[in-house]
Amino acid sequence: TVFQCVKSQVIAAMETQLSNGPTCNNTSNGPSTISNNCSSPVESGSIEDSKTNLIVNYLPQNMTQEELKSLFGSIGEIESCKLVRDKITGQSLGYGFVNYVDPKDAEKAINTLNGLRLQTKTIKVSYARPSSASIRDANLYVSGLPKTMTQKELEQLFSQYGRIITSRILVDQVTGVSRGVGFIRFDRRVEAEEAIKGLNCQKPPGATEPITVKFANNPSQKTSQALLSQLYQSPNRRYPGPLAQQAQRFRLDNLLNMAYGVKSRFSPMAIDGVTSLAGINIPGHAGTGWCIFVYNLAPDADESILWQMFGPFGAVTNVKVIRDFNTNKCKGFGFVTMTNYDEAAVAIASLNGYRLGDRVLQVSFKTNKTHKA
DNA sequence: TCCAATT
């Protein structure tokens with residue numbers, strides 16, 4: 001069976017060479033990392049590790065850098081903030097960096113925002129390791145795993161080769177049973193290389209078949225290749241003169257739309273319902289989104305509770321707890337701004353009457369009162 | 001047989 005393992009890899013390598021067709025994978029789920037895999041300065045032992053710089057993973061695909069800054073800005077003053085995007089398509093790669101002014105705010109952000117549910121994702125907030133080539137391309141793809149192997153057992157098998165940053169076993173979306181494939185991300189590439197040498201084509205303890213261990217594909221590269229491959233097949237690719245450029249741009253937009261549901265700022269499809277309604281006086285609509293009034297918050301309520309309540313319903317661009325100027329305690333209400341009307345409406349319908357502690361919340365679109373009653 | 005983890 002070891003021979004079969006090697007043979008299957010040779011065939012797989014051939015197929016990789018041959019297949020450049022478009023792909024569409026929108027089936028990603030949230031993270032399922034066991035244990036605390038945060039890279040803290042203490043764990044990595046380097047005195048030079050930043051205590052203010054955070055990496056944020058598993059962000060929703062449609063989340064913008066402004067929304068990221070708004071979310072983490074509710075904790076404390078931000079020095080800089082960056083959402084990482086694909087260099088070619090501009091698509092969010094689902095992670096970003098937040099650098100605080102005060103290390104205490106970075107710690108607070110980990111404690112309050114790590115594990116926050118946003119739409120279909122559960123975000124991960126941890127200290128960013130110092131950027132270096134040695135930590136890149138340290139992700140392994142593992143296949144042929146026994147269906148009974150757990151994530152913990154997978155980590156135990158690989159942990160002898162280095163520090164594991166994340167691990168995951170893919171499961172059937174319907175049955176929840178293991179698909180026998182997974183991922184292991186090590187702290188360093190050299191650790192991943194050693195794990196391949198030690199575990200590829202080997203049988204895990206108790207297993208009847210050997211596993212395959214190799215470097216994982218880079219999802220962002222795959223995205224770019226699929227899109228460029230389609231662009232290359234367009235009829236006017238041989239004459240990329242001035243006239244063709246607008247069409248190319250348009251074509252790329254349509255490809256992005258079809259493949260990923262993207263509405264880029266160049267596309268006519270970016271003109272959605274909210275944009276076309278701008279200027280019309282509608283309750284709760286503030287031009288930049290839909291403002292929601294939240295009443296009956298506790299005196300100690302803070303912004304994070306609003307993010308936690310409204311974030312799962314869709315794109316939230318801003319939250320604010322109204323506080324007494326002198327006591328700094330919440331005056332019992334706050335506001336949430338959401339980008340999309342539909343998501344705001346569902347959030348209101350779901351959260352109005354919601355019991356938070358011993359209080360029943362009142363949630364509605366903000367009304368436009370010009371004077372006090 | 002592939003999840004958006006290093007600016």
Side-chain angles (χ1 to χ4, degrees), chain A residues 5 8-16 18-19 23-33 37-39 44 49-50 52-63 65 68-69 78-87 89-99 114 118-145 151 154 163-173 178-189 192 200 211-226 259-260 262:
Chain A
C5 180
S8 68
Q9 286 177 350
V10 173
I11 293 172
M14 289 166 56
E15 287 173 344
T16 302
L18 293 172
S19 68
T23 56
C24 181
N25 53 346
N26 278 335
T27 57
S28 61
N29 296 316
S32 58
T33 315
N37 290 311
C38 295
S39 167
S44 54
D49 279 8
S50 168
T52 59
N53 197 23
L54 303 178
I55 183 167
V56 186
N57 289 294
Y58 310 110
L59 294 168
Q61 175 59 233
N62 58 13
M63 192 171 193
Q65 181 164 295
L68 181 68
K69 184 170 186 179
I78 291 173
E79 192 276 327
S80 63
C81 170
K82 179 166 188 176
L83 179 69
V84 179
R85 297 179 177 279
D86 184 284
K87 284 188 177 66
T89 67
Q91 282 286 279
S92 165
L93 295 185
Y95 68 95
F97 297 90
V98 175
N99 193 18
N114 184 38
L118 290 178
Q119 300 170 60
T120 62
K121 304 287 188 179
T122 302
I123 69 170
K124 180 178 177 183
V125 185
S126 55
Y127 288 110
R129 294 169 286 167
S131 184
S132 84
S134 66
I135 66 171
R136 295 183 55 176
D137 303 316
N139 197 22
L140 295 179
Y141 175 77
V142 188
S143 58
L145 294 167
Q151 189 181 8
L154 181 67
R163 183 159 79 100
I164 295 169
I165 301 299
T166 56
S167 69
R168 172 176 296 168
I169 291 178
L170 301 186
V171 299
D172 184 283
Q173 292 211 323
S178 167
R179 290 167 55 194
V181 301
F183 295 89
I184 292 281
R185 179 181 298 279
F186 279 103
D187 181 35
R188 310 187 140 268
R189 183 184 170 88
N200 185 35
I211 61 173
T212 300
V213 185
K214 54 189 287 192
F215 283 108
N217 295 339
N218 188 327
S220 64
Q221 285 173 7
K222 190 178 178 185
T223 299
S224 302
Q225 283 171 9
Y260 305 104
V262 176

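Within every chain, numbering begins at 1; the chains are lettered A, B, ... in the order of the sequence lines, protein sequences first and strands thereafter. Note that the structure is a prediction, hence the values are computed from the model and not measured.
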[X] [atom1] to [N] [atom2], straight-line distance once rounded to whole Å:
X        : N     : atom1 : atom2 : result
A:Ile135 : B:dT7 : CD1   : P     : 7 Å
A:Lys87  : B:dT7 : NZ    : P     : 7 Å
A:Leu145 : B:dT1 : CG    : P     : 13 Å
A:Asp86  : B:dT6 : CG    : P     : 13 Å
A:Ile164 : B:dC3 : CD1   : C1'   : 16 Å
A:Leu93  : B:dC3 : CG    : P     : 14 Å
A:Arg188 : B:dT6 : CZ    : P     : 14 Å
A:Arg189 : B:dT6 : CZ    : P     : 12 Å

_Base B:dT6 to side chain A:Arg129, donor-acceptor N/O within 3.5 Å cut-off_ =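 Flag set: donor-acceptor pair detected.
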
_Minimum-distance nucleotide to A:Tyr141 side chain [options: B:dT7, B:dT1, B:dC3]_ =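 Looking only at heavy atoms from C-beta outward on A:Tyr141, the closest nucleotide is B:dT1.
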
*asked:* Heavy atoms from C-beta onward define the side chain here; which of B:dC3, B:dT7, B:dC2 lies closest to that of A:Asn217?
replied: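 Minimum distance to the A:Asn217 side chain belongs to B:dC2.
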
*Base, sugar-phosphate, or nothing for A:Arg185, non-hydrogen atoms under 4.0 angstrom?*
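Result for A:Arg185 = base.
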
*How would you label the contact of A:Phe97 with the nucleic acid (heavy atoms, under 4.0 Å): base, sugar-phosphate, or nothing?*
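A:Phe97: base contact, heavy atoms under 4.0 Å.
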
_On the nucleotide B:dC2, are OP1 or OP2 found under 4.0 Å from the side-chain N or O atoms that A:Arg179 carries?_
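Yes.
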
_Set of side chain to side chain contact (heavy atoms under 4.5 Å, CB included) partners for A:Asn139, sequence neighbours left out_ =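 A:Asn139 satisfies side chain to side chain contact (heavy atoms under 4.5 Å, CB included) with A:Phe183, A:Arg185, A:Ala216 once adjacent residues are dropped.
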
*asked:* Using a 3.5 Å distance criterion without hydrogens, assess whether the side chain of A:Arg129 forms a donor-acceptor pair with backbone atoms of A:Asp187.
replied: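 Looks like yes, one N/O pair under 3.5 Å.
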
*Quick one: does A:Gln65's side chain have a donor or acceptor within less than 3.5 Å of a partner on A:Leu83's backbone?*
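It does hold such a pair.
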
*Taking salt bridge (charged side-chain N to carboxylate O under 4.0 Å, His left out) as the test, write out the residues that go with A:Arg189, two or more places apart.*
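Expected list: A:Glu193.
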
